[in-house]
Amino acid sequence: MKQSYFIGLDIGTTSTKAIVFTASGAVRGTGNIDYPLLVPKASWAEQDPETIFAAVVAALKQAIEQADIGQNEIGGIGFSTAMHSLIAVDAHGNPLTNSIIWADNRSAAQAERLKEEGVGHSIYLATGTPIHPMSPLPKIMWLKENQPDISQKTAKYISIKEYVIYRLFGQYVVDYSIASATGLFNLRKLDWDDDALQVAGITKQHLSEPVPTTHILRGMKVRYAEEIGLDPDTPFVVGASDGVLANLGIGAIDNGQVAITIGTSGAVRTVVPEPITDPKGRTFCYLLTENHWVIGGPSNNGGIMLRWFRDEFSWPEVEKAKQLGVDPYDVMIQAAEHVRPGADGLLFLPFLSGERAPYWNAQARGSFFGIGLHHKREHFIRAVLEGILFSVYSIGIALRDLAGGAKEIRASGGFARSKEWRQIMSDMFGYEVLIPESHESSSFGAALLAMHALGALDNLHDVKKMIHISHRHEPDLERSSMYLELFYIYERVYYNLLEEYKLIAKFQKQLNN
C-alpha cells in the first residue's frame with residue numbers, strides 16, 4: 001500500500017489516546033487527552049459524552065501533528081473503547097444521559113433480581129456477559145424503572161464508541177465486540193438476543209446495527225476532518241473493545257497464551273476459536289473476530305488499590321519521593337521488597353469497590369486479614385501488591401477450568417513497569433511471564449485490526465513478529481507453593497464473609513441515602 005501509517009484510537013476510562021504506528025509497529029506520534037470521572041451520587045460513575053468526543057478529536061489532531069505526516073500517508077484508523085458504557089439519546093442523537101460507565105453500580109438491585117429470578121443465568125449463557133451492574137442490560141432496566149421520563153424520550157441506547165461514530169459519520173453501528181459486552185447480544189446468532197431484549201423492555205430499533213469488527217467507515221463529516229487534519233475519506237475500522245484488542249496488541253492470540261492487564265482495574269484473558277461460556281458463570285466471552293473469541297474476567301481492583309493506599313496511608317513514602325524527585329510508587333514498592341513473600345501472613349482482599357470476576361459480587365468489601373503486632377506499613381504495601389494479584393489469579397483458575405492450563409503469560413499495563421510486581425506475578429501463577437516492549441496494547445491492537453481489515457496484514461497471527469519482549473520472569477516454585485497455600489485462605493475468607501458483605505453493604509447504603 002502507498003500509505004505507511006495506521007492510527008490506534010483508544011477511548012479509555014481516564015483518557016483518550018491516539019497513537020500513530022508505522023506498518024511495522026513502531027510508534028511515530030502520540031496524542032493523549034485526559035478527562036474527569038463524574039460521581040454525582042454514591043455508587044454512580046459517569047462521564048460527559050461531549051467531553052470525550054472533544055478528546056477524540058484533539059487526541060487524533062495531536063498525534064498526527066506530532067507524527068508530522070501528511071493526509072495521504074494515513075492508511076487507516078482503528079477504534080478501541082472501554083466496554084459496558086451506556087448513553088440514552090433522543091431522536092436527533094442528543095444525549096439524554098451522561099455516559100454511564102462500567103464502574104457504575106446504580107443497577108445493583110436490577111442485576112440481583114435477574115439472578116434471583118433465574119433468568120440471569122440463561123441470558124449469560126446466550127450472551128456471554130455476566131449479570132452485573134456494569135452491564136448495559138441492568139442499566140437499561142434501571143433507567144426504565146427510575147427515570148421513565150428519559151426512557152420515553154430515548155430513541156437509542158448506545159455506547160460511547162457508537163456516540164463518537166454517530167458524531168463523525170452520522171451512522172448508528174456497533175461492532176460485534178462491543179455488542180457482545182452488553183448482555184443483549186446472542187454470541188451464536190451474532191444478533192440481538194430476543195430474550196434479553198424482552199427482559200430489558202426494548203426492541204432492536206432501540207439499538208445500533210451490529211457489524212463485524214473489521215467493518216470500514218468512510219466519509220467523515222468535513223468539519224471534523226478539517227479540524228483533525230484528515231482526508232474525509234480516510235478509512236476508519238470500527239474495531240473492538242479495549243480488552244480483546246489488548247490480547248491482539250501483545251500477541252496473545254494462540255491457544256495457551258494468557259494475557260493479564262493491570263492498570264486502574266485488571267483483567268485476565270485468553271483466546272479460543274469459538275464462544276465458550278462458563279456453567280458456573282465466572283467468566284465473560286467477548287468477540288475479537290468471528291474466529292477469535294476472548295474468554296476471561298475483569299477485576300475492579302487493580303492499580304487503583306495501590307493509589308488508594310498511597311493517598312490514605314503512605315505519606316512517609318510520598319514525602320521521601322518528593323525529596324528524591326522520584327515516583328512515590330517506586331518508593332512504596334522498594335519498601336515492599338524488604339518484606340518476605342506472603343507479607344508474613346498478611347492478606348489483603350481488595351474489594352473496595354465490589355468485585356467482578358470471578359465472583360460478580362457488587363456487595364463485596366475490602367479487608368486486611370491476619371494482622372499482627374509484627375506487621376508494619378511495608379507489610380501492608382506488599383499485601384496490597386499481592387492482593388491485587390490474588391484477585392487476577394482467581395480469574396486465572398476459572399480460565400484453566402474452561403480452556404486448559406496456560407503455556408505462557410503476557411502481561412501489560414502500568415504494573416508491568418515494576419520488576420518486583422512482575423516477579424510476584426510469575427511466582428504466584430507458576431509460569432514464565434513475558435512483558436512486551438510497548439505498554440499501549442489496546443491502541444496497538446486497534447491499529448493492527450485496522451491493518452488486517454484494510455489488507456496491510458494478511459494474518460492476525462503474524463502480529464507476534466511485530467512485538468518485542470522487553471522482560472522475562474521465571475517463577476520460583478517454592479514461592480508458587482506458598483502463594484497457593486495463601487490463596488486457599490484468601491478464598492475461604494471471601495466465602496465465609498458472604499453474609500457479612502451483604503450486611504455491611506446495606507449499612508453503608510443507608511448512610512449514603
Side-chain angles (χ1 to χ4, degrees), residues 79 81 83-86 110-111 114-115 117-132 134-141 144 154-159 161-162 165 171-217 237-245 247-248 253 269-298 360 402-403 449 452-453 460:
F79 276 107
T81 48
M83 293 171 279
H84 311 304
S85 58
L86 182 75
Q110 286 71 24
L114 288 175
K115 292 179 184 179
E117 293 173 352
V119 68
H121 191 61
S122 62
I123 289 176
Y124 159 72
L125 293 175
T127 67
T129 302
I131 301 300
H132 187 272
M134 69 176 186
S135 167
L137 168 58
K139 288 174 182 171
I140 292 172
M141 294 171 62
K144 293 181 77 68
T154 299
K156 296 281 185 184
Y157 293 100
I158 61 175
S159 69
K161 180 193 282 189
E162 293 159 78
I165 288 174
Q171 302 178 37
Y172 283 118
V173 295
V174 59
D175 60 83
Y176 290 162
S177 183
I178 288 293
S180 69
T182 61
L184 298 162
F185 188 76
N186 190 291
L187 299 179
R188 290 155 187 87
K189 296 179 181 178
L190 296 181
D191 199 359
W192 300 116
D193 185 81
D194 292 334
D195 291 339
L197 293 178
Q198 184 175 358
V199 167
I202 61 174
T203 68
K204 289 184 179 181
Q205 285 66 43
H206 286 104
L207 302 170
S208 298
E209 176 192 355
V211 296
T213 56
T214 51
H215 179 77
I216 298 169
L217 297 156
V237 174
V238 68
S241 68
D242 55 359
V244 303
L245 287 172
N247 270 63
L248 179 61
I253 58 171
R269 303 172 302 271
T270 193
V271 175
V272 292
E274 59 186 6
I276 298 176
T277 49
D278 179 19
K280 297 180 181 179
R282 293 169 294 176
T283 56
F284 60 59
C285 179
Y286 301 145
L287 182 146
L288 173 57
T289 75
E290 288 89 328
N291 299 314
H292 301 85
W293 296 80
V294 176
I295 61 172
W360 302 104
L402 294 175
L449 191 60
H452 178 61
L460 285 182

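Just so it is clear, the model here is predicted, and its values are computed rather than measured.
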side-chain contact (heavy atoms from CB on, under 4.5 Å) for His206 and Leu197? Distances and angles first, verdict last. CA-CA 10 Å; His206 286 104; Leu197 293 178; over 6 Å; no
Please assess Trp293 against Ile276 for the test side-chain contact (heavy atoms from CB on, under 4.5 Å), listing each intermediate value before the final yes or no. CA-CA 8 Å; Trp293 296 80; Ile276 298 176; over 6 Å; no
Take Val238 and Val174 through the test side-chain contact (heavy atoms from CB on, under 4.5 Å) and record every step on the way to the result. CA-CA 8 Å; Val238 68; Val174 59; over 6 Å; no
Step by step, work out the side-chain contact (heavy atoms from CB on, under 4.5 Å) result for Val173 and Leu217. CA-CA 10 Å; Val173 295; Leu217 297 156; 4.2 Å; yes
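In this structure, OG1 on Thr277 lies 7.5 Å from NE2 on His121, to the nearest 0.5 angstrom. Atom CG of Asp191 sits about 11.5 Å away from atom CG of Leu184, to the nearest 0.5 Å. A distance of 7.5 Å separates OG in Ser159 from CD1 in Ile165, rounded to the nearest 0.5 Å. Rounded to the nearest 0.5 Å, atoms CD (Gln198) and CG (Asp193) are 10.5 Å apart. Atoms CD and CD1, on Glu117 and Ile131 in that order, are 11.0 Å from each other to the nearest 0.5 Å. In this structure, CD1 on Ile202 lies 8.0 Å from CG on Leu137, to the nearest 0.5 angstrom.
Considering every non-hydrogen atom in both Leu125 and Arg188, the closest pair reads O-NH1, 3.4 Å. Contact record, Pro130 with Ser135: O-CB, 4.3 Å, taken as the closest heavy-atom pair. Of all heavy-atom pairs between Pro298 and Trp360, the closest is CD-CH2, 3.6 Å. Pro212 approaches Glu290 most closely through the heavy-atom pair CB-OE2, 3.8 Å. What you find for Glu162 and Ser208 is that their closest heavy atoms are OE1-OG, 2.6 Å. Nearest approach of His84 to Met134, heavy atoms of both residues: CB-O, 3.1 Å.
With Ser177 as the fixed residue, the side chain to side chain contact (heavy atoms under 4.5 Å, CB included) test singles out one of Leu245, Thr289, Asp242, Val244: Val244. Test Leu187, Leu190, Leu287, Val294 against Pro275 for side chain to side chain contact (heavy atoms under 4.5 Å, CB included) and you get one pass: Leu187.
Judged by distance alone, with hydrogens and angles left aside, the side-chain atoms of Lys161 form a donor-acceptor pair with the main-chain N or O of Ala240 at under 3.5 Å. Between the Thr213 side chain and the Asp175 main chain, no donor and acceptor come within less than 3.5 Å of each other.
Taking the side chain as every heavy atom from C-beta outward, Tyr286 and Arg269 never approach each other to under 4.5 Å. Counting heavy atoms from C-beta on, the side chains of Phe284 and Asp278 never come closer than 4.5 Å. No side-chain heavy atom of Leu207 sits less than 4.5 Å from a side-chain heavy atom of Thr182. Inter-residue side-chain proximity for Leu114 and Val199 is flagged as met; some heavy-atom pair is nearer than 4.5 Å. For the pair Leu288/Asn247, no side-chain contact is recorded, criterion being any heavy-atom separation below 4.5 Å from C-beta on.
Classification of the Trp192-Phe185 ring pair by plane angle, with boundaries at 30° and 60°, yields perpendicular.
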